[in-house]
Amino acid sequence: MTLEVVDMSRGLRSALFIHLRLLTVEELQGFRSLLEKYPPDSGSSGVPRRRRKRALYLEVAAQMIRDYSEERAVQLAVELLHQVDRDDLSKQLMQVSQRGLEQKQQENKARADHRKVHQENILKKVRELEGKASCNQPGAKHTKRYTDLEIVQPTHNYVMDHEMISCARRHQEITSARAAHSNLEVAKLFEPDTPRGGPRILVLQGVAGIGKTTTALRILQDWASGELFQDRFDYAFYVGCRGVTPGQHTIGDLLVRSYLEVFKPENDPSVDFKKLIFIIDDLDELPQEECDSKTLVGNKSLNLLKKRLVSNSYILITTRPTASEKLRTFAWPQRLVEMLGFSEDDRKEYFKTFFGNETIGVEVFNYAERTEILYTLCFIPVVCWIVCRAAQEQMESGGHLTNACGTSAGVYVLFLSSMLKPQSRASGQDINLRGLCALAKEGTFQKKVLFDAEDLRRHGFVSSDSLAFLLRSGLLVETTACHMYSFIHLSVQEFLSALFYLQICSQGNITHEQAMSPQADLINLLEAYLKQKEGHLGLTVRFLFGLVNRRVLDQMERGLHWKMSSDVKPVLLRWVMDEIGSGLGVDSPDLIDLFYCLHETQDEEFVKSALEHFTHVDVGGFGRQMNTMDFRMLLSYSKNFGRVQKLHISYYPLNVEELRALMPQLQTCSSLRLCACSITPPLCADLNLVLCTNGSLAKLYLDDNELGESGVYQLWEGMKHPDCKLQTLHLDTCSLTGAACADLSSVVSASPSLTELSLTDNPLGDSGVRELCEGLKHPGCSVKKLDLDTCSLTGAACADLSSVVSASPSLTELSLTDNPLGDSGVRELCEGLKHPGCSVKKLELDMNCLTDDCIPDLCAALSQSREMQRLYLCWNSFTDLSVRPLKQLLKSCGNLKDVRLSGNQFSPEGQEELRVLTKEKIEQNWY
């Protein structure tokens, strides 16, 4: 039998099969029997013995490769061929395997050499990019190699706030809540967190200047240096999105281009796509259209390569939080990691490192810490650098830190002075600050941070000298080889945007047009601020308020010899007064944001004028929860309020001291809402005092608080006071049980002013409602609206409720939604509804487990009612059998104007019958 020549390009697997195929059937059977003595390596799939006996040549070879490593399978075959007396095949396979191993070693060495060259190129590229990303920050060495990371849940929701401000809030929440909780290590970014494995697409999210690019480059550097992800990834690629020419490259195209810089041809069979990682940096800088999944035209192989890269490779994306739409190109990230930035210890270390003097560094750090609003933004490394430069400028000019303006605007003025004065003196040039501010304003409104040469020319930077001046000053940096430019940090761009509205002019060179107040532009900004959906104008407006401070104006004129318009301040004051007078809308920045703006002015007279007619406080709603600093801001400015009529605070955990600090407002308000504010029995004692002493309090909302039995007892005592005139009481989701109802019953019977009572989502039970009904039937009870939704009531409670309905002429609205009353319970209730003394105008019986059986009784009762106007029967089990009696009810009950039946089991024909009748009778579609 002649041995076939083995093509080693097909590997040892092919050699094993070819040699096994030269065995006779009897020899293969003996080979299989001997193979049974060698158990598979741990982790292999293995094959049952009965299957191995049936296995033919190819199957035996394939199974050996699966059960053992490739080299081990060949060694074992050499030994077993010898045992079945086929020394010729054994020696031949040994020689072939040796040649194969040598060839494989050569291929491995070539791949290793190729990988090493790639790693060296990556290190070179990292050094080049780090040089460009240094941001001109002397002495700005970070305290540790990686900033803190935290895995967060991907979400499509957002808080309408500036990204730096909202992330500062989140940073505070996380760092205060985590205590000893350890940070996520970079080495574990792709570790599995579910049995299905780890993420393939990972997003590293952080605000501008927090170090996303720095972290991305360090990951690349550590991989190329052999310190990170060595077993996980064979090759790493860097894909920068800054400066990509619009209309030329999709993300997939950029991946292909990076890949082809390393591998040629594109169909290299040695590449394992699952061991590649692409780091896509600054995704938020890529135009939205470049994120769409269009294909490369005219090259099928490149299209196929792009699909394989996007579908199989690992992808790490860095982006600002504002790029959520672009993330959907990747079907939303499989893991979202947030960069937390500097901890307090990191900040202190940074300040000491910057000044190279521990004493000065600690002094400046303590100063920054006292400027609390600005200090919260110092979790961003670049903001730390800005604060240090500002402090350095103040000290070098002979001033003291305590004399510097303690606001964000004041610090940024000092920073601007430190950046521009040396360059101005060295070049002898006048600074085109007007053009620079106009450029910044344009970018802020258009949510753009990259500018090309044409943008600069449009704003007066025509000559190369003027551009060179900006680059030397450090305010503007060149970000890519495509001649794109950006401000040194987003906050600097927004500060210069605010300066635009003050019409900064070079002293001694003011034209008539320049001297005119830019009120139209300013009003446009303020209106856009109220309508914004993403909070991108928040910091600009905050800076604007800070720039009307007299000390800031003096600093600008003294430090840079620039004069500002004085017309802005009255415009801002009038705007604040108008907005407070008309009330901030649901989609507007909330009241706390306005307080931060007022704080920036550091002008007591301005603040007093703005707030003296203030009568409504509504904070903590619309998706934004207050933090401790927000509450302190509220307290700080509450002394300037007029007589507060409405005090609404939600989702803030009040303590006793904080509640007592609000006592001046609690003693005057007519509407008090403290929902989800952690109101506990000790705080209820203070609310008891409010009920006893504030005769103006008409509405009290305490939903979502764990009041406890002792807490509500304090409230009951306050409501019994003769000076208490409370009309509305909401205690939804307060964990009240039936035990609280006996005292509540005595309260409602003795409180003639109480007209609205809501106890939704409390497990009162049938026995509790029986106690409550005794008070509701009392002649002294005046409750008009009663909500008992989700109170664990059954049909057994309906007899007591029926007696209230028939005996209480004041009760006009009753809601029993989400209680399993059943048909029998509603029949009991109908006895009270048809009583001549029943005054109920609105009845809600949604989700009450009702069927067609109760409809005749309900319709009969309501047809006798002269009062019923609104009937809600949604999400029950009514069918077409109820259509006829409902049609009869609609025809006979003249006052019934609002019937709701959605979520039931009517057929399309039944729905149409009811819909037509509804349109004819009351011109309203209630489906």
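Nothing fancy with the numbering, it's 1 onward along the sequence.
Donor-acceptor pairing under 3.5 Å is recorded for the side chains of Glu706 and Ser735. Under 3.5 Å, the side chains of Ser758 and Asp732 contain a donor-acceptor pair of N or O atoms. Checked by atom type, the side-chain pair Tyr412/Ser491 shows a donor-acceptor distance below 3.5 Å. Residues Asp630 and Tyr596 have side chains that bring a donor and an acceptor to within less than 3.5 angstrom of each other.
The backbone N or O of Asp686 sits nowhere less than 3.5 Å from a side-chain atom of Asn688 that would complete a donor-acceptor pair. Side chain of Lys212 to main chain of Gly206: a donor-acceptor pair is present (N/O by atom type, distance under 3.5 Å, no hydrogens or angles).
With salt bridges taken as basic N to acidic carboxylate O contacts below 4.0 Å, none links Glu344 and Arg347.
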Under 3.5 Å, sequence neighbours excluded: what are the donor-acceptor pairs made by side chains of residues 670-684?
| unit_1 | atom_1 | unit_2 | atom_2 | d |
| --- | --- | --- | --- | --- |
| Ser670 | OG | Gln645 | O | 3.0 |
| Ser671 | OG | His648 | NE2 | 2.9 |
| Arg673 | NE | His648 | ND1 | 3.3 |

In residues 738-747, what donor-acceptor pairs under 3.5 Å come from side-chain atoms, sequence neighbours left out?
| unit_1 | atom_1 | unit_2 | atom_2 | d |
| --- | --- | --- | --- | --- |
| Ser745 | OG | Glu771 | O | 3.0 |
| Ser745 | OG | Gly775 | N | 2.8 |
| Ser746 | OG | Asp743 | O | 2.6 |

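For residues 684-707, the ring-ring contact (aromatic ring centres under 6.0 Å, His included) pairs, not counting sequence neighbours, are Tyr701-His730.
Glu658 is linked by a salt bridge (Lys or Arg N to Asp or Glu O under 4.0 Å) to nothing, counting only residues two or more places apart in sequence or in another chain. By the salt bridge (Lys or Arg N to Asp or Glu O under 4.0 Å) test, Glu756 pairs with no residue at all, sequence neighbours left out. For Arg550, the salt bridge (Lys or Arg N to Asp or Glu O under 4.0 Å) test picks out Asp554, with sequence neighbours left out.
The number of heavy atoms from other shown groups lying within 6.0 Å of CZ (Phe641) is above 12. Atom NZ of Lys639 has more than 12 neighbouring heavy atoms from other residues, nucleotides or ligands inside a 6.0 Å radius.
Nearest heavy atoms, Leu764 versus Thr737: CD2-O, 3.8 Å.
Taking the ring centre of Phe595 as origin, the terminal cationic atom of Arg632 falls outside the region bounded by 6.0 Å and 45° from the ring axis.
Between Tyr375 and Phe365, a ring centre-to-centre spacing shorter than 6.0 Å is recorded.
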